[in-house]
K.L.:
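Please find one structure pasted underneath; my questions will follow.
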Amino acid sequence: MAKDSRQIESGLFPRKVVPVLLPMPAERAYSYALPDGADAVPGQIVQVPLGPRLVAGVVWDGEADVVNPDKLREITQVFDCPPLNAPMRRFIDWVASYTLSSPGLVARMALRAPAAFDPEPLIEALQLTDQQPERITAARERVLAQAADGLAWTKSGLAHAAGVSASVIDGLREQGVFAPVMLPPQPVVPAPDPDYDPAELEADQLAAAQVLRETVAAGGFGVTLLDGVTGSGKTEVYFEAIAETIRQGKQVLILLPEIALTNAFLDRFHNRFGARPAEWHSELAPRTREKVWRQVTESRVSVVAGARSALFLPFADLGLIIVDEEHDPAYKQEDRVFYNARDMAVVRARLSDIPVVLASATPSIESRVNAAQGRYSHLVLSGRYADAGLPDIELVDLRRHAPARGGFLSPVLIKAMAGTLERGEQSLLFLNRRGYAPLTLCRVCGHRFECPQCSSWLVEHRFRSQLQCHHCGHNEPTPQACPSCGALDHLVACGPGIERIAEEADKHFPDARTIVLSSDMAGGTRRLRIELEAIAKGEADIVIGTQLVAKGHNFPLMTLVGVVDADLGLSNGDPRAAERTYQLLSQVTGRAGRSGRKSHGLIQTFQPHHPVMQAFASGDPHAFYERETDERRMAVLPPFGRLASVIISAATRPEAEAHARGLRAAAPSSAGIMVLGPAEAPLALIRGRHRFRLLVHGARGNDMQGFVKDMLAKGPKQRGSVQVQVDIDPQSFL
DNA sequence: AGCACGCCGACT
DNA sequence: GTCGGCGTGCTC
């Protein structure tokens with residue numbers, strides 16, 4: 001290898017210098033010297049001094065920057081750990097450039113297991129020798145019988161199995177009856193068996209599974225959208241793709257929205273493969289986390305089920321990625337590195353040249369567009385599994401079937417609940433709003449309770465006697481008197497929350513057993529799990545819940561779902577409002593009908609002619625999605641000559657919204673102004689190659705700062721925000 | 001990201 | 001008089 005002439009000229013001992021990516025937001029890798037005799041290939045994980053501390057970094061590709069030799073410091077340790085492979089390194093660079101963050105911060109997500117870079121210590125075990133014990137006792141007899149198989153046992157394992165104390169084993173070991181042997185550490189999970197217990201698939205499942213098996217067998221990159229209504233058996237279908245990948249000896253990553261990563265899913269996997277997948281999510285105990293990370297890099301774990309962060313695990317030999325519930329907003333990360341794990345999963349699959357499956361009962365607009373345009377293959381499962389039928393959907397026009405004064409449940413819904421109760425079946429009332437009432441005002445002076453910190457309404461929580469801000473978490477006790485005019489007992493609650501719906505249901509059905517479920521429920525997730533089990537066993541007649549009940553949980557006895565206010569969320573300015581509403585209605589009504597009994601969904605709405613309501617009631621979302629897609633294109637990409645403005649907000653949403661309002665006022669013709677979070681960038685770019693104006697807003701104090709600095713040099717500056725022309729082509733990797 | 005340095009408000 | 005807030009800058 002050629003010696004660095006500058007270093008020779010400067011009289012320094014010539015050392016090999018390598019670029020090292022550090023877990024911080026620097027634009028480039030730093031240069032470090034390799035100690036004599038050490039070597040490190042790209043991807044190698046090393047320990048280096050950085051300022052006053054030691055950090056772990058990754059040796060990166062390319063030439064190291066030439067730096068002042070006085071500054072150059074030496075790598076302190078080359079970890080005995082498999083290097084990140086080339087596809088992983090390209091993935092890190094790609095994600096950094098696409099998300100406008102730095103490769104170091106992205107690499108940091110891949111290195112989130114501090115103590116995993118050293119090999120797992122071997123475990124000391126004991127094996128029987130030819131040596132006989134000096135004296136035989138009953139306890140020793142049992143130990144010898146237990147260990148007679150000749151296998152190595154851990155001390156505690158053997159003591160436990162033989163029913164003796166550890167000191168018995170120690171004694172035998174002293175006499176040389178046992179010899180210590182070092183064993184590799186236990187795998188975090190046993191190996192899954194692809195042929196353990198294959199499900200019996202129905203015709204269209206079978207066909208879809210066959211296509212997926214062939215896709216896996218053929219290998220190479222490809223995206224498949226697996227699209228099937230709730231209960232159509234998507235999981236069983238993609239399990240077959242997983243089985244095929246395991247047979248090939250490759251690893252599988254299953255991405256799930258955090259909420260779906262439940263024991264129910266893990267058990268289902270266990271039933272099919274005879275072992276659980278390794279889990280990866282934020283709640284993992286540090287020790288387990290390190291074991292999983294390490295064993296993933298060593299290919300000792302073959303299937304990982306995880307939340308979005310699992311996408312950055314350094315798999316040694318990844319063969320398939322599944323993204324379940326691909327439409328779920330939980331895939332978006334909106335701090336530090338902004339990304340949508342669903343999109344980045346497609347990129348990772350592309351760079352690793354492997355298949356990826358996106359599964360959902362209600363696919364996102366952009367995935368539908370990609371499927372319709374032939375970039376993704378499309379597998380549709382149309383029927384519900386076994387004898388489970390989808391509920392009959394009926395729209396309840398609230399203008400014609402008005403609830404009683406002060407109430408929110410229409411007579412139609414109340415009647416349906418009464419019938420359900422009589423048949424001994426369960427009802428679910430869904431309202432996506434916590435607390436008792438979203439707004440409280442004084443009837444005397446009109447004072448409205450606002451949050452002192454963020455000026456949104458304070459939500460009354462009557463059960464806790466509190467007024468809470470659902471944006472910033474501020475809370476205060478509910479006062480007796482109006483703080484503005486001092487009038488006593490004239491505060492009035494406006495609008496419904498689930499607590500108020502529970503009150504109303506109690507009034508109508510005082511003898512029914514009612515359970516209220518929301519994310520802020522006292523008792524936390526443990527209590528929640530207990531309540532969910534109780535519901536499944538039929539220990540409740542009426543369940544009243546927020547978004548939380550829409551996902552994942554199965555209520556086998558549920559035959560009626562009432563959506564209290566289906567319009568909620570349709571008018572909040574979110575470009576995904578209609579799409580989200582459709583998905584939510586679909587998920588929540590899908591809770592009913594699992595038992596095979598006839599079931600119903602009653603959707604209360606003031607806008608029965610809204611396209612979402614029509615599409616949902618007709619059971620044919622196709623036209624609706626077509627229209628949504630077109631509207632979205634129009635909004636984001638107006639005809640040539642009218643430049644679209646997309647504000648990719650790196651600051652708070654209200655700030656970005658305010659800025660957008662200002663822009664609209666200044667230029668009414670630019671109808672295309674909309675505010676999207678950075679993780680939504682692909683949505684803005686559905687059509688592929690487009691040049692548009694990107695307003696990076698409020699970039700102060702966050703990761704876009706460097707980006708903005710760069711762009712400032714090139715683009716014009718405009719009133720407090722930075723306006724730049726950029727090309728982002730999300731399809732260029734496909 | 002962490003950590004140091006540095007300059008202005010309320011308190012042991 | 002100090003302790004401590006977070007703004008700014010630096011790390012091969």
Side-chain angles (χ1 to χ4, degrees), chain A residues 3-8 10-36 38-79 84 89 92-93 95-97 99-117 282 286 289 293 308-309 312 314 333-339 453 472 650-652 655 678 698-710 712-713 720 722:
Chain A
K3 288 177 181 174
D4 186 313
S5 59
R6 188 189 45 78
Q7 287 184 342
I8 291 170
S10 70
L12 282 176
F13 206 80
R15 292 178 296 178
K16 191 177 169 193
V17 178
V18 292
V20 177
L21 208 53
L22 299 174
M24 58 171 207
E27 274 312 301
R28 298 186 47 74
Y30 281 6
S31 301
Y32 282 90
L34 266 170
D36 285 337
D39 201 9
V41 297
Q44 193 82 55
I45 298 169
V46 293
Q47 185 192 60
V48 295
L50 178 69
R53 66 218 157 95
L54 294 172
V55 297
V58 193
V59 176
W60 218 236
D61 302 84
E63 290 292 309
D65 285 352
V66 175
V67 293
N68 182 348
D70 301 337
K71 276 186 160 186
L72 193 65
R73 298 171 80 180
E74 207 167 68
I75 288 172
T76 43
Q77 191 180 350
V78 178
F79 287 107
L84 304 188
R89 300 198 303 276
I92 289 170
D93 278 334
V95 172
S97 116
T99 60
L100 311 175
S101 73
S102 55
L105 279 191
V106 180
R108 185 174 173 266
M109 300 194 291
L111 301 181
R112 284 261 175 87
F117 310 141
S282 54
R289 188 179 188 79
W293 191 94
R308 58 174 185 255
S309 59
F312 292 91
Q333 170 150 89
E334 303 205 279
D335 60 274
R336 297 187 181 103
V337 181
F338 291 64
Y339 66 93
Q453 287 167 45
C472 67
T652 63
E655 268 181 317
R700 196 175 163 71
N702 61 47
D703 299 330
M704 284 205 177
Q705 206 164 13
F707 172 75
V708 173
K709 272 186 199 159
D710 279 358
L712 264 175
V722 182

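By convention in this document, chain letters (A, B, ...) are assigned in the order of the sequence lines, proteins followed by strands, and residues within each chain are numbered from 1.
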K.L.:
Rounded off to whole Å, could you give me the NZ-to-P distance for the A/Lys16 and C/dC12 pair?
P.N.:
21 Å
K.L.:
Going by side-chain hydrogen bond (donor to acceptor under 3.5 Å, both in side chains), name the pairs with one or both residues in residues 48-57 of chain A, residues two or more places apart or in two chains.
P.N.:
none
K.L.:
Test: ring pair (Phe, Tyr, Trp, His ring centres under 6.0 Å). Region: residues 45-79 of chain A. Which pairs qualify, not counting sequence neighbours?
P.N.:
A/Phe79-A/Phe117
K.L.:
Report the distance from atom CG of A/Leu22 to atom P of C/dC10, rounded to the nearest whole Å.
P.N.:
17 Å
K.L.:
Which residues in residues 46-58 of chain A have a heavy atom closer than 4.0 Å to any atom of DNA chain C?
P.N.:
A/Pro49, A/Leu50, A/Gly51
K.L.:
My understanding is that only residues two or more places apart in sequence, or in another chain, count here; which of them pass salt bridge (charged side-chain N to carboxylate O under 4.0 Å, His left out) with A/Arg28?
P.N.:
A/Asp65
K.L.:
Could you work out, with salt bridge (charged side-chain N to carboxylate O under 4.0 Å, His left out) as the rule, every residue matching A/Arg108, not counting sequence neighbours?
P.N.:
none
K.L.:
Select one nucleotide: of C/dC12, C/dT11, B/dG2, the one nearest the side-chain heavy atoms of A/Arg108.
P.N.:
B/dG2
K.L.:
Could you state the CE-P distance from A/Met24 to C/dG9, rounded to the nearest angstrom?
P.N.:
16 Å
K.L.:
Expressed in angstrom and rounded to an integer, what is the separation of A/Lys71 atom NZ from C/dC10 atom P?
P.N.:
9 Å
K.L.:
Give the rounded distance in Å between these two atoms: CG of A/Leu72 and P of C/dC12.
P.N.:
10 Å
K.L.:
What is the distance, rounded to the nearest whole Å, between atom CG of A/Asn68 and atom P of C/dC10?
P.N.:
15 Å
K.L.:
If you measure only the distance, is there a donor-acceptor pair under 3.5 Å linking the side chains of A/Thr76 and A/Gln47?
P.N.:
yes
K.L.:
So, using side-chain hydrogen bond (donor to acceptor under 3.5 Å, both in side chains) as the criterion, who are the partners of A/Ser309 when residues are at least two apart?
P.N.:
A/Trp280
K.L.:
In whole angstrom, give the distance that lies between atom CG of A/Leu21 and atom C1' of C/dT11.
P.N.:
14 Å
K.L.:
For A/Leu111 and B/dA1, give me the distance from atom CG to atom C1', rounded to whole Å.
P.N.:
13 Å
